K.L.:
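Please see the structure below; I have some questions.
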Amino acid sequence: MAKRLASLMVTGLMAGIGGSATAMTINISLDNDPGKLDPTRSSMIAERMVYQSIFDKLLDLDETGKIIPMLAQRWTVSDDKKTYTLFLQKGVKFQDGTPFNAKAVEFNLRRGQENNSLRKNDLKYVKQITVVDDATIKLELSEPFAPFLSILTDRAGMMSSPDAVKKFGEDYVNNPVGTGPFIYKGRLKGATLTLDKNPNYWQAGLPKADQVVYKIMSDVNVAFNNLRSGQVDITNRFPYKELSNTNAGAKYTVINKPSLGFRGFYFNTSKPPFDKKEVREAIDILIDRAAIAKVVYNGAVSAGHSPFSKSQFANGPADVPPKVDLAKAKALLKAAGKETGFSFRMTLPTTPEELQVGQMVQGMLRPAGISVTLEKADLATQIESGKAGTYEALMVGWSGRPDPDQNIYDFAVTNGSLNYSKYGTKEVDALLQQARIESEDAKRKVFYDKAMQILVVDVPYVYLNHDNVLFGISKAVKGFKFVPDGVIRTVTLSK
Amino acid sequence: MPKILKRISLVLPTLLLVSIVIFSLLAILPGDPVTAILGQEATPEAALALRAQLGLDNPIYVQYGHWLWAVLHGDLGRSFVDHSPVVDSLMQRLPVTIELALGSFLVAVLIAVPAGIMAAARPRGIANYVSTFIALFGMSVPHFWLGMMFIVLFAVKLGWLPASGYVPFSEDWHGNLLAMLMPVVATGLRESAILMRMVRSSLLEVLNEDYIRTAFSKGLKDWQVVIGHALRNAMIPVVTASGLMVSGLLGGLVITESIFGIPGMGKMIVDAIFQRDYVTVQAGVMAAALMVIIVNLAVDLLYSMIDPRIAK
């Protein structure tokens, strides 16, 4: 009797926690607490997850990665590839009632070009913005730039309410207003961020859920336990070691799809021993990528050798990892005068997986007499040493963007903003520039293939693998669509 | 009382010293806030603009001066990362940490005191062996592991309790209690082991004193001697240990907070350090220091209540 009473009490209390039965809440765990809720200030993927629910974009991606209409219902591109005309949805309103129109688009793009905006780089070629009429806007670029439409599918294309931006000023980062399916309600920092349904959403029948709650769980195992206990419907990460344990009786499924990103490490080519390309190539051909993918990631990454994953049109022959070849590596080292070996310091992130990758690399280089010291650092320290060029080898990956240009240009072009290797050749610069100007995918691929032919020999960066996106999803969730940018769309979700 | 007054007068200088130490430590930390906030995509213009906006282009002593001046005027500043007032974060986090610390302490005391008394009163009895075993277990088992096991059992397998997360007491009191139950017990169990050993040994020592023998010889019952005569004197070292324990709990329960997704101070400070959110780190550490000082003061007051000779 006492036992029954206790169980009744617990059940009663649990019902209290769950809230009313009629409201449909989708709970999503995020591994990072989103910082500023303003796309022009954003620098992390957890923020993109939340923005996706609050802000619509001018364009979006579909499940195959193709660019599709969103707030711009169609568009035209001039023959010289420099003028883009966007035709906008009519009758759309921001969540605060401000009308969405061409003037609002102009306001947002200009805001994205301001000095303190992190979208400035994305929008740097936009030279002139002309409001043709309420529903038409013309954007003139200073030079042809093929990734431009793709850029409008992410934060640079997200539309904020001009009225709200003016009203809140610096505090807009805590009061975001878009035209999106969910309205920002509030947050308990470090714990939850709550969004309510936008009852006036412009797309008929959407969103399906009444509320979306993002729960911050930095530990992937904690998120996993919450998924198993039903506290969370979707986790934005999934423990690699649990991948083989997903059985038929489990209450969740795992989305395990290739992302657009890559992982690997930079060489500091401005300093010995990595100023010699033979040394870099020797290391590149000593690494067994397949072993790393299997041992560290339980197969949930694909071994790679380029910045372009299989889901991108630029993926080509360079992405096939080289065969491990100790004899050739030794010959290369001899040519570089390093036949007796050498040692170097590799700076890497603090996650257990990346440390394991570092340890495997350590073991793989040992037969050639190369000894590696591993040094852990958080992202801020890594970026700083990358920019300052004070590192020797530096493991920093890239979460990836839809257009190939966004995954290679700034990494490989001379003085590129992400070119921590301090690498630069005229040939690669020219090829990457041509790939930007050309608009046909097949023709662009030719330039990328040629650039990669040079880069796999010069090896400023050792590409190791392409991460998969791993989401854990409760079987109760309906309407989930995986989009290759790895950002969870909540608009169609229900349960 | 003068001793207490003297202690109170030291609070401000202590806090000032703590603030200088923290400011200096943050200044020598590699990786600057602008890089941490803007990430890989920062343009030089954005970095410059943010640096100026945050006042980081000033020398460190000027930054400290500005900070101190603002704090003296009741302004703790705004977070570098999300621009929200730091005082809001503190007000959200402080009650959580206090609840977690006091709850864990309560669990620890509720287990440790009776078990310690039983173990001391019957040094060769079964209670002693059981409590010694529990104490050893509690001290040896990491509480993050215990926490994980609790989650697997009570949340995943049985579905009785939420696996993690936090609901403020004011919003939903039973949701709050349910969410706090596992973390409080997981931490409390570990702390109880330490406290129990303390109660036991301290009580054993007192029980060997002459006045206890006198009490027994007067024909008093065991429990009358233990509770009425021995316990009060045995409590002085226990109160010291409890004070240290509460200070420790208030200062950092980072792992418990991470496992159970509880937005407390410990996690706030650690996250802020990784994000180089100096303003938040500074405020968090100051608040933690203030709490430790208050707890220590409270312990001193308690001493003088238990043994009035100490206050003199």
Side-chain angles (χ1 to χ4, degrees), chain A residues 7 10-14 16-17 19 29 33-37 41-44 114-122 124 170-171 173-174 188-192 215-219 221-223 225-232 377-387 396 398 410 417-418, chain B residues 29-46 48-50 53 78-79 81-84 88-89 92-93 96 148 151-152 155-157 159-168 172 174-175 177-179 257-264 267-268 271 273-276:
Chain A
S7 107
V10 169
T11 325
L13 290 172
M14 289 302 290
I17 270 195
S29 76
D33 200 1
K36 294 181 168 125
L37 300 176
R41 305 292 168 89
S42 157
S43 64
M44 62 166 118
E114 284 169 9
N115 269 347
N116 56 4
S117 160
L118 287 180
R119 308 284 79 82
K120 192 179 160 83
N121 203 26
D122 290 340
K124 67 179 170 192
E170 275 298 313
D171 249 350
V173 294
N174 290 311
L188 184 58
K189 270 174 79 175
T192 51
K215 299 186 172 183
I216 318 307
M217 295 177 184
S218 45
D219 187 309
N221 296 305
V222 170
N225 279 329
N226 277 271
L227 176 70
R228 289 204 295 169
S229 74
Q231 299 279 304
V232 155
D378 61 319
L379 191 63
T381 313
Q382 286 183 52
I383 296 174
E384 214 162 76
S385 64
K387 285 190 172 159
V396 185
W398 182 243
D410 286 325
S417 60
L418 298 167
Chain B
L29 205 62
D32 90 317
V34 171
T35 316
I37 295 163
L38 300 181
Q40 284 163 276
E41 292 166 283
T43 58
E45 294 91 344
L48 266 179
L50 187 63
Q53 190 198 329
R78 280 172 179 266
S79 156
V81 175
D82 63 15
H83 197 66
S84 60
D88 287 3
S89 304
Q92 278 183 355
R93 307 283 189 132
V96 182
M148 279 291 190
I151 292 174
V152 169
V156 178
K157 295 265 186 254
W160 288 359
L161 294 168
S164 68
Y166 178 78
V167 199
D172 173 7
H174 47 66
L177 292 183
L178 280 184
E257 287 170 4
S258 298
I259 291 172
F260 292 101
I262 298 168
K267 196 151 183 322
M268 178 186 88
D271 287 348
I273 291 172
F274 275 112
Q275 293 165 325
R276 304 292 186 275

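We name chains A, B, ... by the order of the sequence lines, and we start the count at 1 in each one. On a predicted model such as this, the values are computed, not experimentally measured, just so you know.
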K.L.:
In terms of heavy-atom pairs under 4.5 Å, which option from B:K157, B:K267, B:R78 contacts chain A the most?
P.N.:
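Option with the top pair count is B:R78.
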K.L.:
Rounded to the nearest 0.5 Å, what separates atom CE in B:M148 from atom CG in A:N221?
P.N.:
5.0 Å
K.L.:
In terms of heavy-atom proximity below 4.5 Å to chain B, should A:K387 be classed as side chain, backbone, both, or neither?
P.N.:
side chain
K.L.:
Do the non-hydrogen side-chain atoms of A:V173 and B:D82 ever get within less than 4.5 Å of each other?
P.N.:
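Not touching, per the 4.5 Å side-chain cut-off.
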K.L.:
With distance as the sole test, does A:S43 use its side chain to make a donor-acceptor pair with the main-chain N or O of B:I37 at under 3.5 Å?
P.N.:
yes
K.L.:
What part of B:A49 gets closer than 4.5 Å to chain A, counting heavy atoms only: side chain, backbone, both or neither?
P.N.:
side chain
K.L.:
So what's closer than 4.5 Å to chain A heavy atoms on B:P168: side chain, backbone, both or neither?
P.N.:
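Side chain only.
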K.L.:
Starting at CG of B:D32, measure out to CD1 of A:I383 and round the result to the nearest 0.5 Å.
P.N.:
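Spacing of CG (B:D32) from CD1 (A:I383) equals 10.0 Å.
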K.L.:
Between B:I151 and A:R228, is there a side-chain heavy-atom distance shorter than 4.5 Å?
P.N.:
no
K.L.:
Flag the pair B:D88 / A:K189 as yes when at least one side-chain heavy-atom distance between them is below 4.5 Å, and no otherwise.
P.N.:
no
K.L.:
With a 4.5 angstrom heavy-atom cut-off, could you sort out which part of A:Q382 is near chain B: side chain, backbone, both or neither?
P.N.:
neither
K.L.:
Could you tell me which non-hydrogen atom of B:A155 sits nearest to which non-hydrogen atom of A:S229, and how far apart they are?
P.N.:
O-CB, 3.5 Å
K.L.:
To check you understand the geometry: which heavy-atom pair defines the closest contact between B:P162 and A:Q231, and what is its length?
P.N.:
CB-OE1, 3.4 Å
K.L.:
Nearest 0.5 Å, please: how far is CG in A:L379 from CZ in B:F274?
P.N.:
11.0 Å
K.L.:
Please tell me if the side chains of B:Q53 and A:E170 come closer than 4.5 Å, counting only heavy atoms from C-beta onward.
P.N.:
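Answer yes - side chains close enough.
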K.L.:
Go through the atoms of B:L48 and report whether side chain, backbone, both or neither lie under 4.5 Å from a heavy atom of chain A.
P.N.:
neither
K.L.:
Between B:S258 and A:D219, is the side chain to side chain donor-acceptor pair (under 3.5 Å) condition met? List the steps.
P.N.:
CA-CA 7 Å; B:S258 298; A:D219 187 309; over 6 Å; no
K.L.:
Using heavy-atom distances under 4.5 Å, tell me whether B:L38 contacts chain A through its side chain, its backbone, both, or neither.
P.N.:
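Both parts, backbone and side chain.
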K.L.:
Below 4.5 Å from any heavy atom of chain B, which atoms of A:S218 appear? Answer side chain, backbone, both or neither.
P.N.:
side chain
K.L.:
Under a 4.5 Å heavy-atom cutoff, which of A:K215, A:R41, A:K124, A:K36 has the most pairs with chain B?
P.N.:
A:K36
K.L.:
Less than 4.5 Å to any heavy atom of chain B: does that hold for the side chain of A:L188, its backbone, both, or neither?
P.N.:
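Its backbone and side chain both get close to chain B.
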K.L.:
If you measure from CG on A:L37 to NE2 on B:H83, what distance do you get to the nearest 0.5 Å?
P.N.:
12.5 Å
K.L.:
Check whether A:V232 gets within reach of chain B through its side chain, its backbone, both or neither, counting any heavy atom under 4.5 Å.
P.N.:
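Nothing of A:V232, per the 4.5 Å heavy-atom cut-off to chain B.
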K.L.:
Let me know if A:N174 has heavy atoms under 4.5 Å from chain B in its side chain, its backbone, both or neither.
P.N.:
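A:N174 touches chain B through side-chain heavy atoms alone.
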K.L.:
Which residue out of B:P44, B:G39, B:G261 racks up the most heavy-atom pairs below 4.5 Å with chain A?
P.N.:
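Option with the greatest count: B:G39.
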K.L.:
Is there a side-chain contact between B:Q275 and A:D378 in this structure, where contact means two heavy atoms from C-beta onward sitting under 4.5 Å apart?
P.N.:
no
K.L.:
Supply the atom-to-atom distance A:D33 CG to B:M268 CE, rounded to the nearest 0.5 angstrom.
P.N.:
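So the CG of A:D33 and the CE of B:M268 are separated by 12.0 Å.
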K.L.:
Tell me the closest heavy-atom pair linking B:T35 and A:A380, and the distance in Å.
P.N.:
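So the two residues come closest at CG2-O, 3.8 Å.
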